[in-house]
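What follows is one structure encoded as structure tokens, with my remarks underneath.
Sequence lines set the chain letters: A, B, ... in the order given, protein chains first and strands last, and positions in each chain run from 1.
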Amino acid sequence: MKERIEIRLCGFGGQGIVLMGLVLGEAAVRDGLWAAGSNSYGAQARGSACQSEVVLSRAPVDYPRVLAPDLLVALSQEAYERYVIDLQKEGVAVYDAGLVKPRGGLPQPHIPVDATRTAVEGLSQKQVANMVMLAAVAALTGIVSQKALLGAALDAVPARLREINQRALEAGFRLGESAREGLSYPLPDWTLCEASARADA
Amino acid sequence: MSRDMNAYLREEIQRTPFCPGCGHGILMGVLLRAIDEMALPMERVLFVSGIGCAAWIPSPHFKADTLHTIHGRAVAFATGAKLYNPELITLVVSGDGDLSSIGGNHLIHAARRDLDMTVLCANNMIYGMTGGQVASTTPEGAETTTTPGGNPERPFDLCRLVAAAGARYVARYGVVQPLLLKRAIQKGIRTRGFAFIEVLSPCPTQFGRRNRLRDPAETMKSLKARLISQRQAKSLTESERASRIVYGEFASEDSDDLEGRGRDA
Amino acid sequence: MSRSRTEGLLPPGDYYLSGNEAAAEGALAVGCDFYAGYPITPSSEIMERMAWRLPEVGGTFVQMEDEIGSLCAVIGAAWAGAKAMTATSGPGFSLMMEPLGYAVMTETPLVIMDVQRAGPCTGQATRVGAGDIMQARWGAHGDYQIIALSPWSVQEMFDMAVQAFNLAERFRVPVVLLAEEAVGHLRERITLPSEVTVIQRDRDKTRPPFGSEEPDGVPPMPAFGDGADLLVTGSTHDEWGFRKTEDPEVQRRLVTRLSRKILDHRAEICSVETYCMEDAQVMVVAYGFTARSALHAVRHLRGEGLEVGMMRLRTLWPFPEEAVARMGEGRARVLVPEMNLGQIQGEVQKAVDCPVEAYHQVNGEVIPPSVLLKWIRERSL
Ligand code: SF4
């Protein structure tokens, strides 16, 4: 088991990348983990590629930012291209199947998740693709429990958007679970806490 | 019968720092009489002032809480005190340069915010304390140490400025109209909301002697001669009005017409 | 005195907050009940949180027309009895210098949170810097002492907000929380305590409010409306507040006391932390976010067997020179990494006998651990 897991979420401005980071960190804290998160702010956040990073661990870490991410979650081609080069050799990339075409020849496993299409076609709400993706990542990797993620996400959005976000998360959990079942190789063990280990057992 | 105002003054202070004939001494007396007549609870009265001769009217003379601040910011200090403790009867007393030049932004924003405070602006049309430089209220053509050829710029009409910013009560009187002035101060204090009173308070030392006004008495006489009511102003042409100063109320919730009842107009 | 958290405050427990949000919560926990401010990146989240949180705890919030007015309103409220604060960043902090001097001169307790960005001037509004360290110390004219704290984590944004108000009340002095964008915008897990220590000013009105028998004394401070007939002025004044603008002795006594009440209490005010210092030949002195990079590097280098350690400055002003001198004794070298062109470096050099080397980075980004790892390693072999 690792001491520290680093996650970088990236996409373009308007996809709700910063919210993903906030919800992921909040969920980790609810799971009893230690979490730290930083975003690209200002002009960067308004521009094309934007990113939110989260560091998870069991105990407080000295350096709270991402050094070399274990997990890259990409929701746009440009952001993927820009950040995939930093991914750890033993890391994993999860990408939106409809928006990102992964580079060939990279050593890290690349896992597609049809987040945006699920949001558009299944939920008629493109805006919640971020939550579909985040839920899929949680189900796929076990970095946080589904219960904590659901609670954190629903508390982070306005009341009128709770229902659609809940449906998005549930759809994402299913996507993540089936993606994991379809894998022909084991993913690294990233469960840091009891809660997420139990939930995903 | 005139009442003794000593109860409102700190025993430690024997005399004011103002030059002989300065309008600020009169304003000081009028202000205390206004307060005395209203029987304000002095432990709840807060005087805030900035920097300049007029800022010394309350501080250190008045036996009450006094906040003598930095140049231009008296209204901002008063805003904090009043917002935190709305029980404080808050009076800002300062000069034209302080309140309207360096502090102009705070003045209009306080009027817009409509805090319940009264601002007395002692307008001597010049920077007195620093030696007689031009102010944003100096009349066009007037001589000052920084306008040796006469002021090329137009002055602010402070009352119109503050009224436009939303003040509830706005009035202008000269220290040569003590009764009207006293009534206006009382009305300002009673106004629930932002009140602004421009008090024309001549500066014989810096303004008078540079502008062919031989002595303090002359300065007062000249002010009195220039003051006209709003009604009188209506019958004058623009050029006739240019050399006069219009007194009266420029904003008031109940338009009780002070000028009609005044005895010293 | 410590106080149990009351109505309107967040219940104790773990939260995932940004540094700016935590600073606001810390202020509320210690009893801050007045905020005046003006929007500026990267500190605005403090003001935005105070705008909805203060009414919940019965406090007062106002957005002023500029930063000068903001600090003036804070001072006015403080004299009306408030525990008052503002938050800003470089350009706004520059505008606050004159009222800051007024707060020093009138011994007004208040807190300024300066979430530093890359300057000078507008600089890089969304990027990080630590260029206001000397401005906090010397920004207003005249001779004075001030207290400035340097948080390195979200938890410390909360804890130091509490501490800042307590120091302000204890010493009747403005206290600057010298945060950095990287900590203000960082989100971390934070544990809110069930109780915080709360110091309240002494409102005794029988003793003079601007002087005390002891040369290092902190006088009592009644509020407007207490019936103390307060005479508050930024001009040189005697112990009751009377202006004495031409008296050399009153000026000397006042200016000396304003400094001594801080300097003579350095042991009480200053706080540092040390890491891996036992046998260290090389001592890294760091503060703020940079200390997190430095600690990461130092721990890594310890793993390589190098004799390096770190001292973290939690207090920047008054400078903890005694602690730095004591800890620096007998070391081969002291290293000071900073997100500026060397503002604390000189203070460190004054305190120690060994050579001091500095790493300066002013590109609007935090100094990454990899850079410090290499830089420290090269100087520790
Ligand atoms: S300089 Fe002018 S305003 Fe100042 S005290 Fe003398 S006469 Fe009055």
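In this structure, the portions of C:Ala82 lying under 4.5 Å from any heavy atom of chain B include both its backbone and its side chain. Contact annotation for C:Pro99: both backbone and side-chain heavy atoms come within less than 4.5 Å of a heavy atom of chain B. Heavy-atom distances place the side chain of C:Thr60, and not its backbone, under 4.5 Å from chain B.
In terms of heavy-atom pairs under 4.5 angstrom with chain C, the leader among B:Thr69, B:Thr79, B:Ile70 is B:Ile70. Counting heavy-atom pairs closer than 4.5 Å to chain C, the top-ranked of the candidates B:Val48, B:Asn85, B:Leu67 is B:Leu67. Each of C:Glu65, C:Glu98, C:His237, C:Met105 has some count of heavy-atom pairs under 4.5 Å with chain B, and the biggest count is that of C:Glu65. Residue with the most contacts toward chain C among B:Arg112, B:Glu87, B:His71, B:Glu12: B:Glu12 (heavy-atom pairs, distance under 4.5 Å). Looking only at heavy-atom pairs under 4.5 Å with chain B, the residue among C:Ala36, C:Gly227, C:Gly81, C:Gly234 that has the most is C:Gly81.
Under the ring-ring contact (aromatic ring centres under 6.0 Å, His included) criterion, C:Tyr35 pairs with C:Phe61, sequence neighbours left out.
Here the shortest heavy-atom pairing between B:Leu83 and C:Val62 reads CD1-CB, 3.5 Å. Smallest separation of non-hydrogen atoms from B:Lys63 and C:Asp229: CG-OD2, 3.3 Å. Contact between C:Leu231 and B:Pro60 at its shortest, heavy atoms only, is CD1-CA, 3.5 Å. Closest of all the heavy-atom pairs between B:Ile13 and C:Phe242 is CD1-CE2, 3.7 Å. For the pair B:Ala81 and C:Ala80, the tightest heavy-atom approach, listed with the atom from each and the gap, is O-CB, 3.8 Å.
Considering only heavy atoms from C-beta on, B:His109 stays 4.5 Å or farther from C:Met64 through its side chain. Using a 4.5 Å cut-off on side-chain heavy atoms (C-beta onward), B:Asp65 and C:Trp79 make no contact. Looking only at side-chain heavy atoms (C-beta outward), B:His106 and C:Asp66 come within less than 4.5 Å of each other. Taking 4.5 Å as the limit, every side-chain heavy atom of C:Tyr102 sits out of range of all side-chain heavy atoms of B:Arg73.
Within 6.0 Å of CD in C:Glu249 there are more than 12 heavy atoms belonging to other residues, nucleotides or ligands. Remark: B:Arg160 CZ is loosely packed, at most 12 non-hydrogen atoms of other residues, nucleotides or ligands lying under 6.0 Å away.
For residues 85-97 of chain C, an interface with chain B (any heavy-atom pair closer than 4.5 Å) does not exist.
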